[in-house]
Each structure stands twice: as structure tokens, then as C-alpha cells.
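Some notes on the structure that comes next.
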Amino acid sequence: MKTVRYTNQQLADTLYKIADLLEIKGEVIYKILAYRKAAESLTELPGDVNQYWEEGKLTDIPGVGKAIAEKIDELLSTGKMEFQDRLEAEVPSSLVEVLQVPDVGPKKVALFWREAGVTNLAELKAAANDGKLRDLPGMGPKSEAKVLAGIKALARRTDRMPLGKAWPFAQELLVFLSEIPGVQAVEAAGSLRRMRNTVGDLDLLAAAPDSGPVMDAFVGHPGVIEVLGQGEVKSSVEFSNNVRVQLWVHPPDRFGTALQYATGSKDHNVRLRELAIKRGLSLSDQAFTTEAGDEILCATEADVYSQLDLPMIPPELREDRGEVKAALTGNLPNLIRTQELGSELHTHSTWSDGKLSIREMAGEARKRGKQVLAITDHTYSLGVAGGLSVEELQEQRVEIDVVRDELGESIQLLHGCEVEIRADGTLDYPDEILAQLDIVIAALHTGLRQPRVRVTKRLLNAINNPHVDIIAHPTGRIIPNREGADLDMGAIFEAAAESGVALEINAHPSRLDLDDVYARQAVDMGILITVNTDAHSASDMDLLHFGVATARRAWIEPQQVINTWSYEKLVGWLRSRG
DNA sequence: GCCGTTTTCGGCCCGACTGTTTTCAGTCG
């Protein structure tokens with residue numbers, strides 16, 4: 001009998017904590033890594049862990065074997081885990097916060113705990129201030145000062161930043177780097193290059209024959225407030241906006257291995273190293289090395305992959321989600337590209353909360369090479385966004401027709417709406433009004449905190465309405481502050497597959513909703529995807545590539561996304577839906 | 001503790017940087 005409900009994330013957090021405590025305790029590293037791997041796997045799991053548990057399929061989760069499955073089972077059945085309780089009796093769990101301090105790892109935490117009686121952050125700070133750490137083995141005045149600096153850094157450390165913040169800042173720094181004399185190439189690496197929806201530290205690379213002057217110029221950037229480290233190959237700094245940036249500088253003939261290494265992900269790189277080892281090679285950020293000790297240099301990433309007899313794997317796929325196997329067997333997807341999206345199907349005008357008129361939006365869309373633009377303003381329940389009444393919608397239709405006449409064939413305008421799914425699950429316009437529109441998008445904006453069953457039912461109502469063509473930003477999450485609604489995604493996907501409605505990947509970097517994991521699950525079930533900017537202004541239209549990146553992370557190919565279809569095919573599909 | 005197109009046992013990436021050391025340990029990515 002089930003007594004406790006844990007979300008995937010809560011369970012993952014428990015496993016992460018166990019890993020931290022084991023590490024402080026001094027367990028063998030591979031046991032710790034196993035717990036972390038299982039935790040990471042849970043955070044990425046598309047389905048609900050409770051369902052795996054109910055079906056007795058916990059060990060189907062990658063990284064979850066017999067031992068961890070038993071512990072999860074105990075926790076979900078009884079709400080307790082004896083292993084964890086015993087561990088916490090042995091190692092104070094408040095030491096986990098001490099482990100968060102930069103430059104303080106498990107060995108130091110154990111040292112401070114066992115030798116100086118430190119059990120939490122406050123005690124660590126007091127001990128460092130009192131000069132009690134400097135005389136411990138392996139410590140000294142500099143290390144003690146580093147602990148205090150680390151505590152300060154921890155206090156001001158912000159969480160991972162949204163991609164929408166990291167991206168423009170990285171572009172700015174890349175321009176700065178590219179202008180340093182001697183620099184031949186620059187590139188952003190890390191999770192930014194893989195286009196994860198949030199980014200921790202920025203990882204940047206420069207190719208230059210002589211790294212010294214580049215490093216000097218980098219740490220001398222006017223925005224740098226602290227140099228955390230500076231070496232020949234790597235330097236690390238903190239900027240005044242609290243963003244930490246690492247720069248690697250490699251000679252041009254080693255740029256390929258360096259870029260591949262720095263792009264990650266860690267797990268993807270592990271897979272590549274395994275392949276290298278099978279070929280008698282070891283792979284590092286510097287080069288391949290043969291067993292005889294000879295180096296094989298790679299100037300480009302394509303060289304790195306080709307050395308392993310692999311096609312180039314796009315950065316967005318490098319998450320160890322089967323991409324290496326797919327590459328080996330010639331089954332990499334033909335990933336969608338931004339320029340293939342000829343239609344923008346979710347935009348707003350001054351009729352509701354947009355900044356531009358219909359005429360101006362059409363001009364901006366045309367400027368960006370669009371052949372089709374749908375105007376989909378909010379409906380009246382969403383008062384804060386100036387939603388349209390039925391009468392206003394009819395007036396808007398008149399204006400659409402006028403602009404259509406002006407534009408001729410240069411761009412096709414669709415008249416639609418983003419119809420509100422009300423708190424009771426009904427839609428804002430009656431069916432006969434929806435039927436008159438070229439395209440209907442339905443979306444949740446309110447009542448996102450309703451209980452799972454209720455909020456899921458609202459969305460199902462919309463999916464099952466024959467006039468609804470698209471579900472916009474399905475979960476309603478806002479990065480980084482707002483969790484999405486507690487939806488039963490399994491039920492949502494089944495209904496969407498059945499009704500043929502398209503699910504949106506909203507391209508705004510604060511949404512990216514559906515996320516990559518859900519989107520991949522959706523297309524695997526044959527559900528159509530639409531990628532839209534939800535533009536409220538001209539500049540919003542330039543955010544499309546974030547949505548496309550999310551689609552690429554979901555292994556999505558062009559034909560699965562309705563925005564790539566010809567106008568005729570798109571309209572045919574819309575008409576067939578009533 | 002997990003895992004298997006060489007394996008059910010024996011692996012599990014590896015190098016840069018820093019501060020403490022006189023050759024290495026800890027941390028990080």
C-alpha cells in the first residue's frame with residue numbers, strides 16, 4: 001500500500017544527498033557516482049517514477065540497479081529509508097551545505113568535521129575567522145582565506161541562468177575575445193553550446209598559437225571582478241553580473257579536441273573515450289594519443305568524430321541519450337534547422353498585448369523570410385493581456401482582410417486566436433466562433449496550481465475540441481521561477497496522438513515548453529510539433545532559434561514540425577481539422 | 001553500485017590549476 005508520493009525531482013534530490021554524505025564519509029568513488037547517475041537519470045525521466053514503481057520496473061531506469069531500486073521501493077512504500085537514516089546518524093547531514101562551498105570538496109569537509117568539529121556552514125565560517133583551519137594538515141593561510149572567499153561566493157552565487165541571459169552575454173564575450181590579437185577562432189562550449197535551457201558557468205574557447213596574451217586580455221576585461229584562476233590553458237573569472245566564465249586557449253591544430261572536450265556533456269565524452277580505448281587510443285582535450293605515445297591532433301570537431309569512425313554529432317544531441325549508438329549505426333536524425341520554418345503560427349498584435357499592428361507584424365515576419373504568419377491574439381478572459389471579445393474578433397477579421405489585400409502573395413496571413421482555457425476547463429469562445437477562424441491555439445494561463453487531475457482535465461478538454469489545432473506552451477512553466485502545471489503528461493500525449501492536435505515548443509527562452517525530454521516523447525508517439533515565438537514584438541521573432549534548439553535536443557526532424565510545411569499542406573491540415 | 005555488439009567480473013576519463021608540499025593531494029569540469 002502506497003503511503004508517500006515523491007516526485008521524480010524529490011527522489012533525485014534524496015539520492016544526490018546520499019551521494020554527498022557517502023562522499024564525505026569516504027566511500028569508494030564509484031558507489032557515489034552510481035547514486036549521482038541514478039539521481040540524474042530520475043531528473044531526466046520523461047515518465048513518473050511512481051508509475052515505474054507500481055509496475056515493478058524501477059530497474060528499467062538507467063543507472064538504477066537492484067540496490068538502489070530496493071531503497072527507492074522502501075522509501076515509496078514506507079516513507080523511510082533505513083540506509084539513509086543510518087548514514088545521517090553517522091555523518092551530520094548539515095555537512096552537505098558545507099560541501100556547496102567552492103573549493104571545498106569532500107576531503108576538506110571531512111577534515112574540517114573530524115579535526116575541527118565543523119558540522120555546518122556557520123561553524124565553518126567561525127572556524128576560518130578564528131584561524132582554526134590553517135594549521136590542519138594540508139591547509140595553510142591561503143587555503144583558509146580561500147574557504148572564507150568561497151563562503152562569500154556561495155552567498156552571492158545565483159542559480160543556473162536562463163539560456164536567454166547566457167546566450168547574449170556569451171556572444172558579447174566572443175566578440176571581445178575575437179578582437180584580441182593572435183586569436184584565430186572563438187567558440188562557446190559547454191551547456192550553452194548544447195543549448196540546455198539553463199546554463200551554469202560559461203565555457204569559452206579561443207584558438208591562438210600563444211595563450212599568454214589572450215589570457216591576460218581576458219582576465220583584464222573591464223567587467224571582471226575576480227580572477228579565480230589563471231593558467232596557460234585555462235583561466236576562470238567572475239564578472240560583475242555574477243556570471244562565472246572559463247576560457248580555454250589552445251593552438252589552432254588542437255582546437256577540435258579542445259572544443260569537443262569542453263562542449264561535453266560529461267557522459268557523452270565518457271562514451272567517446274570508451275570508443276577511443278577500443279581503438280587503442282586515449283582521448284583528451286589536447287589530442288588522441290596512441291599506445292606508443294604518439295599524438296594525433298584534430299583541428300576540427302569533425303576530425304575528432306571521424307577518428308572514431310563517427311559522423312559529426314550535433315552538440316544538441318550530446319547528452320548520452322543514445323546519440324553515440326545512433327551515430328555508430330548510421331541512425332542519427334536529420335535535425336530540423338531554423339531556416340526551414342516558413343511559418344510563424346503564434347503571435348500577438350496591438351489588438352491584445354502585442355506591441356505592433358497586424359501590418360507591422362506582417363512586415364517583420366516577411367523581413368525574416370516567413371511565408372505564413374498567424375495572428376493569434378488573446379481572448380477576453382485574459383483581461384490583463386487585453387483579450388478580445390467576440391465582437392472585437394470580428395472587427396479584427398476586417399483588418400486582417402485589408403492587410404491581406406495590401407500584401408498580396410508576399411506573405412499569407414492566417415486569422416486565429418490564442419483561446420483561453422478557463423479555470424473550469426471550458427474555452428473562451430463558443431465552437432461556432434472557433435470554427436470561423438483559420439487557426440485556433442488553446443492555452444492555459446491561469447489556475448496552473450490546480451490539482452493534477454483537475455488541471456489535466458482542462459487541457460484534455462481543449463485537446464479534444466475538434467476546432468483546436470495547437471496547444472501552446474503546454475505546461476505553462478516559466479524559467480527559472482515557475483514550475484509548470486502538475487499535468488499527467490502520459491494522458492495528455494495519448495489524447496494528443498488520438499486527436500491529432502499539434503503541441504507547441506514555445507521558443508521564448510523563458511518558456512521552452514514543451515521541453516526537450518517531453519518533446520522527444522511526443523514525437524515518438526507520432527504527435528505533431530509546432531515551434532513558435534509567441535512574438536509580442538519584432539525582436540521576439542529573433543528568439544525562434546531557441547525553440548528550434550529545443551526541438552533539436554528532442555531529435556526532431558523537419559517533417560514532424562508543421563511550421564516547415566508548405567502553405568498548401570498547412571492549410572489543408574487546418575481545414576481537415578474543422 | 002551499475003553495467004555488458006569483446007565482459008556476470010572488472011572496469012568505471014583525465015588533465016589543469018592551486019596550495020601545500022619538496023613529489024603530491026584536493027578540487028574542478
Side-chain angles (χ1 to χ4, degrees), chain A residues 15 18-19 22-24 26-41 58-72 83 99-112 133-147 149-150 153 189-192 199-205 211 215 219 227-237 244-250 254 257-258 260-289 320 324-325 328-329:
Chain A
L15 296 182
I18 289 173
L22 288 173
E23 199 171 20
I24 294 165
E27 254 303 349
V28 291
I29 188 66
Y30 296 112
K31 186 186 281 195
I32 293 148
L33 291 175
Y35 276 92
R36 295 224 169 101
K37 169 78 186 161
E40 198 179 329
S41 195
L58 283 174
T59 52
D60 284 3
I61 301 168
V64 175
K66 189 159 170 282
I68 292 181
E70 277 172 6
K71 293 183 175 82
I72 293 175
F83 176 74
L99 195 56
Q100 302 309 310
V101 178
D103 297 317
V104 176
K107 300 286 167 60
K108 293 270 180 69
V109 173
L111 178 74
F112 300 156
L133 301 181
R134 60 180 64 188
D135 297 327
L136 297 173
M139 292 288 292
K142 276 191 174 176
S143 299
E144 190 175 70
K146 220 172 168 180
V147 168
S191 52
L192 181 80
V199 177
D201 299 351
L202 289 185
D203 300 301
L204 306 179
L205 264 89
S211 76
M215 290 300 187
V219 303
V227 178
L228 304 161
Q230 183 179 354
E232 281 279 301
V233 175
K234 188 173 86 173
S235 293
S236 181
V237 301
R244 287 187 173 206
V245 182
Q246 296 207 82
L247 174 69
W248 279 271
V249 181
H250 287 264
R254 295 178 189 269
T257 41
Q260 196 292 315
Y261 171 84
T263 299
S265 67
K266 220 160 129 185
D267 290 336
H268 174 85
N269 288 357
V270 168
R271 293 276 165 264
L272 289 198
R273 291 204 158 82
E274 285 170 2
L275 285 182
I277 287 165
K278 283 179 191 169
R279 286 165 172 72
L281 298 169
S282 92
L283 170 60
S284 76
D285 60 332
Q286 297 285 338
F288 286 97
T289 310
D320 190 26
V324 173
K325 198 174 201 177
L328 280 169
T329 54

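Numbers restart at 1 for each chain; the letters A, B, ... are given by sequence-line order, proteins then strands. Side chains are part of it too, since the values below use all heavy atoms of this structure and drop only hydrogens, waters and symmetry mates.
If you take atom C1' in dG11(B) and the same atom in dT6(B), they sit 13 Å apart, rounded to whole Å. Rounded to a whole angstrom, the distance from the P atom of dC12(B) to that of dC17(B) is 25 Å. Rounded to a whole angstrom, the distance from the C1' atom of dC13(B) to that of dT27(B) is 16 Å. Using atom C1' as the reference point in both dT8(B) and dG1(B), the two lie 14 Å apart (nearest Å). Comparing the C1' positions of dC14(B) and dT5(B) gives a spacing of 26 Å, expressed to the nearest Å. One P atom belongs to dC2(B), the other to dA16(B), and the distance between them is 33 Å to the nearest Å. When the C1' atom is compared between dT20(B) and dA25(B), the two are found 8 Å apart, to the nearest whole Å.
Heavy atoms from other residues, nucleotides or ligands lying under 6.0 Å from CD of E232(A) number 12 at most.
Across all strands shown, K325(A) has no heavy atoms under 4.0 Å from either base or sugar-phosphate atoms. Looking at heavy-atom distances under 4.0 Å, V28(A) makes no contact with the nucleic acid at all. Residue contacts for P137(A): at a heavy-atom cut-off of 4.0 Å it reaches no nucleic acid atom on any strand shown. In this structure, D103(A) reaches the sugar-phosphate backbone alone: every heavy-atom distance under 4.0 Å involves primed, P, OP1 or OP2 atoms, never a base. Y35(A) comes within contact range of the sugar-phosphate backbone alone, with a heavy-atom separation under 4.0 Å but no base atom that close. Among the heavy atoms of the strands, none lies under 4.0 Å from E274(A). Note on K266(A): a base of the nucleic acid sits closer than 4.0 angstrom, heavy atoms only.
Pair assignment for dT8(B) gives none, since no Watson-Crick or G-U wobble pairing has each distance under 3.5 Å.
Residues L99(A) and P106(A) have side chains in contact (heavy-atom distance under 4.5 Å, counting atoms from C-beta outward). Side-chain contact between Q260(A) and N269(A) is present, with heavy atoms from C-beta onward closer than 4.5 Å. Taking the side chain as every heavy atom from C-beta outward, D285(A) and H250(A) approach each other to under 4.5 Å.
In the 5' to 3' direction, nucleotides of DNA chain B lying under 4.0 Å from heavy atoms of chain A begin and end at dG1(B) to dG29(B).
Both G140(A) and L99(A) sit near DNA chain B, but only G140(A) has its closest nucleotide nearer the 5' end. In terms of position on DNA chain B, the residue among G63(A) and S284(A) whose nearest nucleotide sits closer to the 5' end is G63(A).
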(request) Please report the C-alpha distance between E40(A) and K266(A) in whole Å, then the side-chain angles of each, then the deciding distance to 0.1 Å, and finally whether the salt bridge (Lys or Arg N to Asp or Glu O under 4.0 Å) criterion is met. (result) CA-CA 12 Å; E40(A) 198 179 329; K266(A) 220 160 129 185; over 6 Å; no
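Ring pair Y35(A)/F83(A) is parallel by interplanar angle, where below 30° counts as parallel and above 60° as perpendicular.
A distance of 11.5 Å separates CZ of R36(A) from CG of L15(A), quoted to the nearest 0.5 Å.
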